[in-house]
Participant: 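What follows is a structure written as structure tokens; I'll ask about it next.
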Amino acid sequence: MKKIMLGNEAFARGAWEAGVRVVSSYPGTPSTEVTETLAKCGDEVHVEWAPNEKVGVEVAVGASIGGARALSCMKHVGLNVAADPFFTAAYNGVTGGLVVLVADDNGCHSSQNEQDSRYHGRGAGVPVLEPADPTECKDYMKLAFDMSEKYDTVVLMRSNTRISHSRGIVEEGEREERDVIPYEKNFRKYVAMPAMARVNHVKQEQRLAQIAADAHSIMVGVPLDTDELAAAVEGYPLNKEEMNDPEIGIVTSGICYQYVKEALPNASVLKLGLVNPLPLQDIAAFAAKVDKLYVIEEGNPFLEEQIRAAGIPVHGGKDMFTIQGEYSANMIRKGFGVEVPETKEVNAPGRPPLLCAGCPHKGLFYVLSKLKTTVMGDIGCYTLAALAPTNAIDSCLCMGGSIGMEHGFEKATGDSKNLVAVLGDSTFIHSGITGLVNMVYNEAKGTVIILDNRITGMTGHQQNPASGKNARGEPAPALDIYTLCRAIGVRNVFEIDPFEVKELEKLIKEETERDELSVIITKRPCAMIVKQTNVPNVITDRCKNCRQCMKVGCPAIAMKDGKPFILRESCVGCGLCTRVCPFDAIESTARGGEEGKEAK
């Protein structure tokens with residue numbers, strides 16, 4: 001049966017058909033839908049959201065040692081968090097097939113950098129597969145599990161935003177149930193001590209060389225013994241040569257293959273599906289068949305540098321195309337002097353990034369902006385509070401980084417007054433807990449504010465250990481953040497509704513003046529997961545045009561004829577604006593604020 005699928009859905013389908021048994025991931029755009037899709041499968045697959053990517057890979061490694069096929073998914077910056085177990089597991093090898101899927105974000109659509117994960121694969125010494133469409137997403141995932149078991153290696157599956165979120169026709173297959181491989185104690189393989197690591201490192205280099213040799217054999221049509229390569233990989237050329245006009249030869253991979261085929265349909269192309277180890281022998285043979293060789297790849301010159309280093313002449317690469325952002329067919333056309341089709345520009349109205357109407361974070365950042373607090377920020381929806389009108393965040397580095405940065409700022413300046421760190425509940429669990437432990441241990445001062453909105457919001461409302469539900473939405477034990485903070489030694493812990501702005505302002509003033517560490521937990525559910533009243537507010541003729549309500553940054557409040565005006569179709573009736581108005585000029589239509597009383 002054929003279906004139209006997202007690339008991420010196709011990845012999930014491939015893992016399911018390959019017989020995956022354990023999936024442990026942390027949500028991160030653009031990878032999230034892989035795990036969400038697998039969570040909808042039956043009980044034959046255990047699917048969980050891990051507290052962070054490091055734990056996710058460790059769970060997958062344990063499942064592999066236990067003999068099951070396992071998968072862990074993350075975005076590119078998540079692979080940094082998981083690098084510790086990932087690099088060592090690459091030495092040790094596997095029992096059950098082990099695949100780590102990483103989705104890069106060229107163009108920074110939802111990320112703080114444009115990291116190129118191929119370097120992680122090369123640095124760890126594992127094969128890296130890169131599909132070019134949803135069909136290959138499914139097929140490559142199945143191949144990855146077979147390769148993992150056959151070569152005794154972790155396999156890195158690399159995607160990016162366009163591959164993960166593009167759609168294509170995918171043919172569904174049946175699930176291949178695989179028995180769990182019986183566990184056999186083997187401490188020389190799995191105990192990462194120096195003596196074992198030195199031996200395992202040699203084995204790792206040997207299997208990479210074997211993978212490269214076998215990939216070449218398949219490409220040139222040499223049959224392989226099934227002992228060398230799993231039956232599913234047999235005869236499947238991950239690297240494909242498409243000879244057309246020999247004047248231009250292009251080495252490319254992934255989504256860039258699609259751009260090249262659209263922009264230069266007559267060019268000869270060497271499409272790489274296996275980007276590590278690089279098939280330099282095949283690239284050299286391809287280069288000999290064309291007049292000029294070009295390398296087209298988004299991100300860093302990962303392919304180009306290795307090809308040049310091998311002595312293969314490259315006519316053009318990053319000297320023609322940028323390292324930054326995404327490519328397109330038109331960019332490639334321009335690079336080669338091909339006429340670009342005319343396009344009609346559409347002047348769509350701008351949509352600046354804003355926190356949602358009813359967002360529980362708005363009350364907090366309204367107060368922090370009013371107090372002119374120095375705010376060490378973190379990764380989440382609330383990072384948008386750095387923008388106007390609140391301009392309330394001073395820094396943002398990485399998941400959980402706000403707490404460590406606040407601590408360092410205080411130690412450097414000797415001043416913790418009016419200084420806070422802010423981070424969400426999921427981010428705190430991900431990598432903020434250890435930072436708070438560090439503050440307690442090193443007798444820090446300052447205030448940490450944990451924004452508990454009961455969900456992992458920015459990536460699309462996934463569950464986390466504090467939400468009370470698991471990855472399938474079933475009831476699960478909920479971590480009590482208040483009790484945890486007290487347990488690790490924080491003596492001053494407070495919980496408050498962030499919409500109670502007067503009480504919140506008083507509390508923040510008191511705690512940022514305290515000569516001791518404190519934690520404030522703002523508790524209010526995400527506006528997207530609770531039923532809103534949908535009874536809009538109105539601004540009455542008592543309005544003095546002080547514009548305090550505009551400082552909240554609510555998308556439902558705009559200016560009209562020089563005065564604030566509530567967009568009734570956008571307002572969810574959360575009531576925050578009524579709390580910040582000093583003249584009681586904003587009323588809910590649920591309690592008498594009628595149309596006739598609205599300010600004209």
Side-chain angles (χ1 to χ4, degrees), residues 25-33 35-36 39 48-53 73-75 77-78 81 103 105 109-112 165 351-366 368 375 377-387 390 392-393 396 398-403 421-433 448-473 476 478-479 481 495-499 520-532 552-556 570 572 574 576:
S25 309
Y26 185 80
T29 306
S31 71
T32 308
E33 295 89 354
T35 305
E36 287 183 325
E48 64 181 34
W49 289 123
N52 63 28
E53 296 86 356
C73 306
M74 63 207 67
K75 68 185 297 176
V77 286
V81 179
D105 188 19
H109 294 284
S110 57
S111 309
Q112 62 267 46
H165 290 163
R351 184 181 183 275
L354 290 169
L355 295 171
C356 302
C359 174
H361 305 327
K362 288 183 180 296
L364 170 67
F365 289 108
Y366 169 81
L368 292 176
V375 180
D378 221 298
I379 306 296
C381 301
Y382 45 85
T383 313
L384 294 172
L387 307 178
T390 53
I393 287 183
C396 176
C398 63
M399 292 285 283
S402 59
I403 297 178
V422 299
L423 73 172
D425 52 334
S426 181
T427 307
F428 175 69
I429 295 165
H430 178 283
S431 48
I433 296 172
V448 173
I449 303 178
I450 302 170
L451 290 66
D452 185 2
N453 66 350
R454 316 309 298 164
I455 204 71
T456 307
M458 186 173 66
T459 51
H461 304 101
Q462 291 76 36
Q463 306 300 330
N464 66 59
S467 69
K469 294 181 180 179
N470 63 21
R472 298 185 188 276
L479 174 69
I481 296 175
E495 292 183 332
I496 190 170
D497 182 342
F499 274 21
I520 297 172
I521 305 169
T522 59
K523 294 179 70 71
R524 191 178 183 92
C526 172
M528 301 297 289
I529 64 170
V530 294
K531 183 175 176 57
Q532 301 292 322
V552 172
C554 179
S570 300
V572 297
C574 70
L576 178 60

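Heads up: numbering here begins at 1 and tracks the sequence.
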Participant: With distance as the sole test, does R454 use its side chain to make a donor-acceptor pair with the main-chain N or O of A466 at under 3.5 Å?
Facilitator: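 Present.
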Participant: To check you understand the geometry: which heavy-atom pair defines the closest contact between G400 and L423, and what is its length?
Facilitator: CA-CD1, 4.3 Å
Participant: If you measure from CD1 on I450 to NZ on K523, what distance do you get to the nearest 0.5 Å?
Facilitator: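 If we round to the nearest 0.5 Å, I450:CD1 and K523:NZ are 10.0 Å apart.
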Participant: Look at the side chain of K75 and the backbone N and O of S31, then say whether any donor-acceptor pair between them is shorter than 3.5 Å.
Facilitator: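 No; zero donor-acceptor contacts below 3.5 Å.
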Participant: Between K362 and L355 (side chain of the first, backbone of the second, donor and acceptor by atom type, cut-off under 3.5 Å), is there such a pair?
Facilitator: yes
Participant: Given L368 and T390, is the side chain to side chain contact (heavy atoms under 4.5 Å, CB included) satisfied, shown in steps?
Facilitator: CA-CA 8 Å; L368 292 176; T390 53; over 6 Å; no
Participant: Quick check for you: to the nearest 0.5 Å, what is the distance between T522 atom OG1 and I449 atom CD1?
Facilitator: 7.5 Å
Participant: Would you confirm whether S426, through its side chain, and T456, through its main-chain N or O, come within 3.5 Å as a donor-acceptor pair?
Facilitator: no
Participant: Looking only at heavy atoms, which two atoms of V375 and V422 are closest? And how far apart?
Facilitator: CG1-CG2, 3.7 Å
Participant: Any sub-3.5 Å donor-acceptor pair from N453's side-chain atoms to D425's backbone N or O?
Facilitator: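 Between the backbone of D425 and the side chain of N453 there is no qualifying donor-acceptor contact (under 3.5 Å).
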Participant: Do P30 and H109 have side-chain heavy atoms sitting under 4.5 Å apart?
Facilitator: no
Participant: Tell me the closest heavy-atom pair linking A357 and A556, and the distance in Å.
Facilitator: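 Scanning both residues, the minimum pair turns out to be CB-CB, 4.5 Å.
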Participant: With a 4.5 Å cut-off on side-chain heavy atoms, are V81 and S431 touching?
Facilitator: no
Participant: Which atoms form the tightest heavy-atom contact between P51 and I429, and what is the distance?
Facilitator: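 Answer, listing the atom of P51 first, then I429: CB-CG2, 4.0 Å.
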Participant: Find the distance between CG (L451) and SG (C359) and round it off to the nearest 0.5 Å.
Facilitator: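 L451 atom CG to C359 atom SG measures 8.5 Å (nearest 0.5 Å).
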Participant: Working to the nearest 0.5 Å, report the span between CE of M458 and OG1 of T383.
Facilitator: 6.5 Å
Participant: Take T29 and S110 through the test side-chain hydrogen bond (donor to acceptor under 3.5 Å, both in side chains) and record every step on the way to the result.
Facilitator: CA-CA 7 Å; T29 306; S110 57; 4.6 Å; no
Participant: Return the CG to OH distance between N52 and Y26, rounded to the nearest 0.5 Å.
Facilitator: 8.0 Å
Participant: Could you report the tightest heavy-atom contact between N470 and A476, atom names first, then the distance?
Facilitator: N-CB, 3.8 Å
Participant: Spell out, as yes or no, whether a donor-acceptor pair under 3.5 Å connects the side chain of D378 to the backbone of S402.
Facilitator: yes
Participant: Assign the ring pair Y382 / F365 to parallel, tilted or perpendicular, where the plane angle (0 to 90°) is split at 30° and 60°.
Facilitator: parallel
Participant: Supply the atom-to-atom distance I433 CD1 to I403 CD1, rounded to the nearest 0.5 angstrom.
Facilitator: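 I433 atom CD1 to I403 atom CD1 measures 9.0 Å (nearest 0.5 Å).
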Participant: Work out which heavy atom in P498 is nearest to a heavy atom in P360; give both atom names and the distance.
Facilitator: CG-O, 3.2 Å
Participant: Between C396 and Q112, is a side chain to side chain contact (heavy atoms under 4.5 Å, CB included) present by the stated rule, with each step listed?
Facilitator: CA-CA 9 Å; C396 176; Q112 62 267 46; over 6 Å; no
